[in-house]
Every structure is written in structure tokens, then in C-alpha cells.
Amino acid sequence: MSRVLSFLLSPFQKHFADVPKVFYRPTKTNEALVKALSLNEKPFIPSIFLPNGHFQTVAAGILRQKSDIFYEREDLKMKDGGMVSLDWTNQKKEKDDGGPILLIMHGIFGGSLENYVCNLITSALGRFHELEGPSHPNILPSSSHVTITPSSSHEHLATQKPSPLSLVVLNFRGAGTTKLVTNSAYSAGWTGDVREVAHYLRASYPSSKILAVGFSLGANVLLKYLGEEGSSTPFNAAAAVSSPWDLVNCSEKLHSSFLGKQLYSRRLAQSAHAFVKRHLEMFKTNPKVDIQKILNTKFLWEFDDEATRKIFDFESVTAYYHDASSNRYINKIGIPTLCLSAHDDPIVHSTSIPVDLVKDGTAEHVILVTTATGGHVAWLTDLNMWHLKTSWMDELILDWFDVVSSHMENK
């Protein structure tokens with residue numbers, strides 16, 4: 001039935017084709033990269049049932065399916081005693097074989113188990129890895145759950161061939177199933193852990209290209225880090241999806257609309273409470289915050305005012321948002337970086353997207369792609385509402401890394 005429905009609706013779906021707009025400084029490199037991407041030939045065609053950003057965003061959050069991924073976890077201790085975890089798809093890259101590495105950074109209160117993370121990995125495995133048999137060995141049967149094991153378990157992987165692309169997810173402090181071992185976690189502007197992870201990967205795999213992609217909060221952290229590091233970052237190329245860009249403006253716009261405040265901000269605050277409760281004993285040791293006041297907050301900005309800005313020593317939530325805003329750093333980015341934003345993103349207001357900064361050539365190494373529709377970390381295209389999985393953003397991310405990797409090899 002679903003195939004019949006898809007066949008009947010597909011001609012109508014093409015009428016909703018959203019040709020992306022591309023903004024960049026017209027350097028020789030950027031011109032070559034944009035030409036190779038061929039975005040005019042690859043419009044975003046949204047699911048006919050998800051016509052705007054609200055539908056796209058909500059569907060992506062609660063209806064989008066995911067493949068089950070096997071991870072091998074590597075815990076990394078940070079210089080200040082904190083801990084992050086690297087979840088390697090299949091198993092940790094054991095030797096420096098020159099194969100590329102893609103580091104994935106999740107969004108707010110996310111982790112390696114998020115559907116947008118797992119589905120990007122599935123798409124990457126399908127594109128870059130040779131499939132043998134009816135299913136790829138990295139992907140567990142659909143009835144299984146996402147599995148994370150310590151780095152000592154390799155028996156079931158004995159028959160698998162080395163992969164041309166290594167995929168690894170950075171779980172921020174306390175994120176997902178990562179243990180929180182300090183009384184502070186992470187924020188939209190804390191880049192210290194990304195910096196340490198980047199240098200760890202470069203030291204461990206000196207001959208590998210290291211690529212990085214971030215989603216939502218992870219995109220903001222990645223862009224801010226790249227701006228702070230300039231051309232000295234160990235990363236070779238990057239992509240950022242649905243970055244909030246200007247957190248002051250985002251917060252103001254989000255809380256000025258009914259749905260923004262009562263749906264998205266309230267839901268994010270609930271996720272924040274769950275995060276605190278999961279690590280309650282550790283947060284209780286932080287004298288900067290009042291746990292009860294934190295748990296009484298109703299909206300995201302209230303949580304950030306009671307928790308985030310105090311933990312990270314900002315005088316006000318506005319000061320924290322201003323400092324964390326990645327649009328202040330993109331002009332200093334020194335590696336090829338693709339950014340994707342939708343104008344109907346209900347969480348990131350369109351006025352936060354730094355189109356003018358990129359158009360005037362200030363951000364030399366940034367290519368900004370915008371669509372009229374797509375929502376927040378969504379861009380869903382499937383016609384079957386009960387089998388939502390395919391996302392245009394996944395294909396764009398992988399196309400970008402294909403193109404930029406080829407460009408680096410041909411230089």
C-alpha cells in the first residue's frame with residue numbers, strides 16, 4: 001500500500017521542489033566546490049505531508065526511524081578531570097592507515113543514539129563501504145537496539161573488512177549514556193573538549209583526513225571552535241547543520257511566539273531537567289547552582305539562567321548567549337566549511353542566519369546553503385509517514401565531504 005501511495009504522490013511532490021540558495025566568497029576554491037556540489041540539480045523535495053518547518057521538526061523528532069548501530073566506546077579524560085566518550089561505529093580505528101575519519105557532534109541533550117546521528121551513519125556506510133550480502137555488517141537487524149560496548153569486545157567483528165571511512169560520535173560530558181564525572185557539563189559555547197578531542201585524533205592518526213560535522217548545538221560548538229582555531233585546527237573540513245548562530249536573537253524570537261515558547265522551549269527545558277536528574281548527585285556538589293531552582297524552570301532560557309550561565313561564570317544569560325554565538329567567529333574559520341540552515345526552522349529564526357556576513361566575503365572559507373523549508377535538523381523527503389527516514393541533509397553532508405576530499409587530493 002505504501003509503495004502504491006508513493007507512486008501516486010511522487011509526481012505532485014516534485015512541485016514542492018526547494019532549490020537551495022548558496023552564499024560564499026567567490027574564491028577559486030569555493031567556486032570549484034560549489035560547482036562540484038551541483039546544488040541546482042539536487043533540490044530539496046519535502047515530504048508532501050510535511051510542508052513546513054513545524055511539521056518537519058516534530059516529525060524528525062518523534063517519527064523518524066533509525067537503523068540500529070553497533071558502537072565501541074572509548075572514554076577520554078580531559079585535562080581538567082572531565083570525561084567525554086567517543087563512540088566508534090563498529091570498532092575503534094586501531095592503526096593510522098590513512099583512511100579518513102568523520103567526527104559527528106550531536107545536538108542539545110543528545111548523544112550517539114539520536115536518530116539523526118544513526119541515520120547519517122547508515123547513509124555513510126551505504127555510500128562509502130562495500131556491502132556484502134543482504135545487509136551491512138555494521139548495521140544490526142531492525143529488531144535490535146543500538147549497542148555500545150567497551151573497547152575490549154571484538155570477537156563478533158573478526159570477519160569484517162577494514163573500512164575506508166571511520167565514523168565516530170563525540171558524546172559531550174554527561175551526554176547520552178556518558179557518565180558525568182565533574183560538576184559541570186557542556187554548553188553551546190564550551191569548545192575546550194572539542195579542542196582536546198581534535199588534537200587527540202590528530203596525534204593518534206597523523207596521516208588521516210579528519211572531517212567533522214555538528215548538528216544544532218553541536219554545530220554551534222563546532223563553528224565557534226573552528227573560528228577560535230583558524231587554520232591551525234587539526235580538522236581538514238567541516239559541516240554544520242541547523243546552527244543557532246546568534247543565541248541572543250534565537251532566544252528572543254523563540255520565546256516571543258506561542259509555539260516557540262510553549263512547545264519547543266518548554267520541551268527543551270524538560271530535557272534539561274532529565275539531564276540534571278540523571279546526574280543529580282554530581283550537580284549537587286556544585287556550589288554555584290541551586291538544584292531546586294533549576295528543576296523549577298519552565299523554559300530553556302530560565303534553565304540557562306539558573307544553571308548554564310552560572311556554571312560557566314557568566315553574569316547574565318544574555319552574556320552567555322552573546323559569548324556562545326558562533327556568528328561572531330565564522331569570519332576566522334580557516335578550513336572549508338559547509339553550513340546548512342532552513343528559513344522555516346522554528347527553533348533558529350531566519351534572522352539569525354548570517355547571510356550578509358557570508359555574502360560580503362567576510363567568512364572566506366564558509367559556504368552557506370539555505371532552503372526555504374526543511375525545519376530544524378530535518379529535511380525529510382519520504383512519502384510514507386510511517387516510514388520517515390530519508391533526509392536530504394544527510395546526502396548533502398556526504399556530498400560535501402566527497403567533494404572537498406576530492407578537491408584536497410587533487411591540489
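- Under a 3.5 Å cut-off, the side chain of E72 and the backbone N or O of K92 do form a donor-acceptor pair.
- L37 places a side-chain heavy atom less than 4.5 Å from the side chain of L338.
- Using a distance-only test at 3.5 Å, with no hydrogens or angles considered, no donor-acceptor pair links the side chain of Y320 to the main chain of T308.
- Between H106 and G111, the shortest heavy-atom contact is CG-N, 3.4 Å.
- Put simply, the side chain of V213 does not reach to within 4.5 Å of the side chain of W400, judged on heavy atoms.
- Between V221 and W190 there is no side-chain heavy-atom pair separated by less than 4.5 Å.
- Between S67 and K389, the side chains place a donor N or O and an acceptor N or O closer than 3.5 Å (distance only, hydrogens not considered).
- Under the 3.5 Å distance criterion, the side-chain polar atoms of T337 are matched with a main-chain donor or acceptor of I335.
- Y24 is listed as a side-chain neighbour of E31, based on a closest heavy-atom distance under 4.5 Å.
- Rounding to the nearest 0.5 angstrom, the gap separating the CD1 atom in I69 from the CG atom in L167 is 9.0 Å.
- Proximity of N171 to R73: side-chain heavy atoms (C-beta onward) are separated by under 4.5 Å at one or more points.
- Evaluated for a side-chain contact (heavy atoms from CB on, under 4.5 Å) with K66, the options N115, V117, T122, I121 yield exactly one hit, N115.
- Judged purely by atom type and a 3.5 angstrom limit, S38 has no side-chain atom pairing as donor or acceptor with the backbone of E41.
- Here the side chain of R309 pairs a donor or acceptor atom with the backbone of D305 at under 3.5 angstrom.
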Check against salt bridge (Lys or Arg N to Asp or Glu O under 4.0 Å), K284 and E281: CA-CA 5 Å; K284 283 182 178 179; E281 295 306 313; 3.6 Å; yes
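- Ring centroid separation for the pair F109 and H273 does not come in under the 6.0 Å cut-off.
- Counting heavy atoms from C-beta outward, P100 and F401 have side chains that stay 4.5 Å or more apart.
- Ring geometry, Y264 versus H54: the interplanar angle falls under 30°, so the pair is classed parallel (tilted spans 30 to 60°).
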Begin from the C-alpha positions of V289 and N183 and carry the test side chain to side chain contact (heavy atoms under 4.5 Å, CB included) through to its verdict. CA-CA 10 Å; V289 296; N183 58 19; over 6 Å; no
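- When atom types are taken as modelled, the side chain of T297 and the backbone of I294 share a donor-acceptor pair closer than 3.5 angstrom.
- S391 has its side chain out of reach of Y116: every pair of non-hydrogen atoms, C-beta onward, lies at least 4.5 Å apart.
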For H322 and R328: C-alpha separation, side-chain torsions, deciding distance, then whether side chain to side chain contact (heavy atoms under 4.5 Å, CB included) applies. CA-CA 9 Å; H322 174 74; R328 300 173 54 239; 3.5 Å; yes
Could you walk me through whether D87 and I104 pass the side chain to side chain contact (heavy atoms under 4.5 Å, CB included) check? CA-CA 10 Å; D87 284 346; I104 303 170; over 6 Å; no
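- For S256 against K253, the heavy-atom pair with the smallest separation is OG-O, 2.8 Å.
- A distance of 12.5 Å separates OG1 in T177 from NZ in K179, rounded to the nearest 0.5 Å.
- The nearest pair of heavy atoms linking N236 to S208 is OD1-O, 4.0 Å.
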Carefully, step by step, assess D382 and T390 under the rule side chain to side chain donor-acceptor pair (under 3.5 Å). CA-CA 6 Å; D382 287 317; T390 309; 3.1 Å; yes
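- In this structure, Y186 and F172 have tilted ring planes: the angle between them lies in the 30° to 60° band.
- Listed for the S325 side chain is a donor-acceptor partner under 3.5 Å among the backbone atoms of Y321.
- Q56 places a side-chain N or O within donor-acceptor distance of the main-chain N or O of L50, the cut-off being under 3.5 Å.
- Tested against S326, the residues T191, N220, D246 include a single side chain to side chain donor-acceptor pair (under 3.5 Å) partner, N220.
- Residues S341 and W245 bring a donor and an acceptor atom of their side chains to less than 3.5 Å of each other.
- No donor-acceptor contact under 3.5 angstrom links the side chains of T182 and D80, judged on distance only.
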Go through the steps for R127 and D399 under the test salt bridge (Lys or Arg N to Asp or Glu O under 4.0 Å), then give the verdict. CA-CA 10 Å; R127 180 181 295 206; D399 284 348; 2.8 Å; yes
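- Between the S242 side chain and the V377 main chain, a donor and an acceptor come within less than 3.5 Å of each other.
- A pairwise comparison of heavy atoms in W301 and H255 identifies CD1-NE2, 3.1 Å as the closest pair.
- Remark: the T373 side chain and the D344 side chain contain no N/O donor-acceptor pair separated by less than 3.5 Å.
- K288 places a side-chain N or O within donor-acceptor distance of the main-chain N or O of I311, the cut-off being under 3.5 Å.
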Going through the checks in order, is the side chain to side chain contact (heavy atoms under 4.5 Å, CB included) test met by L368 and I330? CA-CA 11 Å; L368 173 62; I330 62 170; over 6 Å; no
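- Annotation: the span from K293 atom NZ to E302 atom CD amounts to 13.0 Å, rounded to 0.5 Å.
- With hydrogens and angles left out, the side-chain atoms of T57 and H376 include no donor and acceptor closer than 3.5 Å.
- When all heavy atoms are compared, the tightest approach of G375 to P346 is CA-CD, 4.2 Å.
- A cation-pi arrangement is present between K224 and Y329, with the terminal nitrogen or guanidinium carbon under 6.0 Å from the aromatic centre and inside a 45° cone about the axis.
- Annotation: the span from K79 atom NZ to E196 atom CD amounts to 5.0 Å, rounded to 0.5 Å.
- Atom CG of N30 is separated from atom CZ of R25 by 9.0 Å, given to the nearest 0.5 angstrom.
- P43 approaches N40 most closely through the heavy-atom pair CD-O, 4.2 Å.
- At a threshold of 4.5 Å between non-hydrogen side-chain atoms, the residues S405 and L211 count as touching.
- Atom CZ of F314 is surrounded by more than 12 heavy atoms from other residues, nucleotides or ligands within 6.0 Å.
- One finds the NZ atom of K277 at 13.5 Å from the NE2 atom of H279 (value rounded to the nearest 0.5 Å).
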